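Remember, predicted model here, so these are calculated numbers, not experimental data. A, B, ... follow the sequence lines: proteins, then strands. Residue 1 opens every chain.
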There are 2 protein chains.
Amino acid sequence: MMTTKDEPNRVPGGGVQRIDAGRRRVTAEEVARLAGVSRSAVSRAHTRGAYVSREKKRKILEAAEVLGYRPNALAAGLSSKRSNLVAVVTGNLKNHYDSEFVGKLVRQLNDLGKLPIVIGGTSDSIQDNDVLEALDYPLDAIVIRAGSVTVETVRSCLKLQVPVIVSGRIFDVGNVDSLCCDNNAGSEMAVAALFESGRKNIGYLGGDPGLFSEQERCAGFIAAMRRRRLEPVVMAQSDFSFGGGYATGLKILQGSRRPDAVFCGNDAMALGLLNAARETLGMRVPEDLSVIGFDDIEMSGWPCFNLSTIRNPVEPAVGEIVSLLESRFADPARQGQTIRIVPTPVLRGTH
Amino acid sequence: MMTTKDEPNRVPGGGVQRIDAGRRRVTAEEVARLAGVSRSAVSRAHTRGAYVSREKKRKILEAAEVLGYRPNALAAGLSSKRSNLVAVVTGNLKNHYDSEFVGKLVRQLNDLGKLPIVIGGTSDSIQDNDVLEALDYPLDAIVIRAGSVTVETVRSCLKLQVPVIVSGRIFDVGNVDSLCCDNNAGSEMAVAALFESGRKNIGYLGGDPGLFSEQERCAGFIAAMRRRRLEPVVMAQSDFSFGGGYATGLKILQGSRRPDAVFCGNDAMALGLLNAARETLGMRVPEDLSVIGFDDIEMSGWPCFNLSTIRNPVEPAVGEIVSLLESRFADPARQGQTIRIVPTPVLRGTH
DNA sequence: GTCAAATATGCACACGTGTGCATATCGAGT
DNA sequence: ACTCGATATGCACACGTGTGCATATTTGAC
């Protein structure tokens, strides 16, 4: 007989709640009716620093609890000037640096009481359409990760009075705030470290040349080399991914002009190249080859890699973004600011 | 003299847009005034399948373009039944599996025209408060990753008529939809693979025992061992992280009862243990030790790891979530469904 | 030219909230 | 008993949109 009352695998707690078909969200009106007060009183009971008698407030909150009432932010945000919605546009969360970045940013926005609407997630293509959809809501601000969006879209945001913060590139338009690593300094640190290890035949493995950081890091590399009267042995282009770094790394290391050191535009590619060198080509690092990356993602610190790299610190960057947001809320029309995050060399075992 | 007009490093495009201090969002009223029509006409011009003459529509859209008008979703969503907002509650984006999961989910939601509000990001603690804040908005649905939220909060969602989808555990309450990997089958596959490699002294490295997947994978492991009349050599607890896997891995491999194979509750821990074995203890894998993980995150396929693992496929899971969402929109009151995602063994070089 | 059907347009309401304003109630000090 | 300030409460409006309804205009057929 299967007529037992026991239902295995059920989460305990009883009072099973269900979604009623036609039922709509409970409104302040209904709470007021149940508590026997006016609707205004209900609103005031949920607003800090409004006049409501202690006793009535208790009764109202109780009724609200029973009915499961929560003020509707849609309605409130209509007249109010804050929606608490902040859009975060990111290129590709498969990119480990971006992933870490978005994770921390989301956390901090949550702590600030903001609701981050994330756009992008996967796919490297430009996200303009999705951004426009988000702009249908009156956003408190929009944080854009470099390369995810066109200038046109930024202009749309400003036209809708939505403050814009761009991270990962300098964006000198209107009163947009920009935030960017000092890539020049980073490249200089990398070349310096390789140079001091006695390396002279240095190559460069870059990412998508359309991206701002790539342009700066590449230019910084060339300048740093020139300062030491060195000529790059090889300049290669890839795509900022592990797979790309691996494939292009193979080519570089099997090419006619073999470098004894490679500076990579980010850590993912550096790890890819490291794999190509060690696993596939049987080279010894750092004996046969030095490798330095950029960013310092989590994996770079793993024992099997122990990658020397230039740290592009996430925590301070996210902190600055939050500061920029707050000062923007205080003065929406203020001049746009440009902030350079200073990288630090993290010299481990691959150079 | 610094009075040159040139401003270097500017993004080209002219017509610099700024944020005016007191300025508010452009309203349909203003567009109507400029185009010389009624406000209703403006609304209809922006609504598909509404009666507006071709000529008037053109004029309205032109005026809207000039003024930079976009319908305010806040106001629209007030009477409409869809807000297009979907909350995504995630535990910790530092977890590579979750990170990949959220990335793909966000992308698909974007494609569906939904705006994903991400909650969590970092920190393993429960996110109840942040979820409540998001519930102030009338969400179309909320997707919760296992372990991020209490039963109470789920009940709050249902009370507010917000459809709930839980991923990563079975949640048999009300009409909540659940989605979960078939962990039992996965553990069986892992033990089978180790057994067929001739391993008999098999250990287990688990994550946080409070998590549903850990409980199922652990129980599945024990059952699979029993089926082969094998006794686990060691049962260890860690935290699902690389660092945890490394540290606990060291202990296991230096303990009195050394296993010749370890099945790990997820890939991050497996990679940590792999590092401990190879780099720190100088062991050969798979000669001296077999390792099998769970999930198949990107790094597991990297040449230097080449980890044998049980794939907990992200793409199908996300696809199922989207399907559940759509069928829930079609029938909000329908019975909750439970879906098991079938894992597949990905046998590489560590067993 | 007539009439009906199809198309176009404006009015006014509903959506759910916060809050200014006017008014009512209460407590205390003289 | 009277007054004044503090506290409490309800009414009504604004927020910006979509849409039903009634009405105006055009189209097409005979």
Any side-chain heavy atom of [X] within less than 4.5 Å of one from [Y]?
| X | Y | value |
| --- | --- | --- |
| Ile321(B) | Phe101(B) | yes |
| Arg328(B) | Asn175(B) | yes |
| Leu135(B) | Ser156(B) | yes |
| Thr27(A) | Arg39(A) | no |
| Leu74(B) | Tyr137(B) | yes |
| Lys159(A) | Val26(B) | no |

[X] [atom1] - [N] [atom2] separation (whole Å):
| X | N | atom1 | atom2 | answer |
| --- | --- | --- | --- | --- |
| Tyr137(B) | dT17(C) | OH | P | 13 Å |
| Glu55(A) | dT7(D) | CD | P | 18 Å |
| Lys59(A) | dA8(D) | NZ | P | 14 Å |
| Leu78(B) | dT17(C) | CG | P | 9 Å |
| Asn72(A) | dC15(C) | CG | C1' | 9 Å |
| Lys81(A) | dT19(C) | NZ | C1' | 17 Å |
| Tyr51(B) | dG20(D) | OH | P | 12 Å |
| Arg82(A) | dT19(C) | CZ | P | 14 Å |

Residue-phosphate contact under 4.0 Å: Tyr69(A) side-chain N/O, dT17(C) OP1/OP2: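 Indeed, a polar side-chain atom of Tyr69(A) lies that close.
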
Closer than 4.0 Å, any side-chain N/O of Ser53(A) to the OP1 or OP2 of dT7(D)?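 Answer no for this pair, as no side-chain N or O of Ser53(A) is under 4.0 Å from OP1 or OP2.
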
Candidate nucleotides dG16(C), dT19(D), dG10(D), ranked by approach to the side chain of Lys56(A) - the nearest: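 Closest of the options to the side chain of Lys56(A): dG10(D).
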
Look at the side chain of Pro71(B) and decide which nucleotide, out of dT17(D), dT17(C), dG16(C), has an atom nearest to it.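 Side chain of Pro71(B) sits closest to dT17(D).
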
5′-ward residue of the pair Ala75(B)/Thr47(A) relative to DNA chain C: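 Between the two, 5'-proximity favours Ala75(B).
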
Taking the side chain from Thr338(B) and the backbone from Ser178(B), do they hold a donor-acceptor pair closer than 3.5 Å?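 No, because the side chain of Thr338(B) does not come within donor-acceptor range (under 3.5 Å) of the backbone of Ser178(B).
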
Salt-bridge test for Arg33(B) and Glu30(B): reply yes if a basic N is under 4.0 Å from a carboxylate O, no otherwise.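 No.
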
Are Asp130(B) and Arg107(A) ion-paired here, with the side-chain N under 4.0 Å from a carboxylate O?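 Salt bridge between Asp130(B) and Arg107(A), a charged N being under 4.0 Å from a carboxylate O: yes.
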
Positions of residues 26-33 of chain A (non-hydrogen atom under 4.0 Å from DNA chain D), listed by number: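 Nucleic-acid contacts, sorted: none.
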
Nucleic acid contacts of residues 37-46 of chain A, taken as heavy-atom distances under 4.0 Å to DNA chain D: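 The stretch gives Ser38(A), Arg39(A), Ser40(A), Arg44(A) as the residues lying under 4.0 Å from the strand, ordered by number.
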
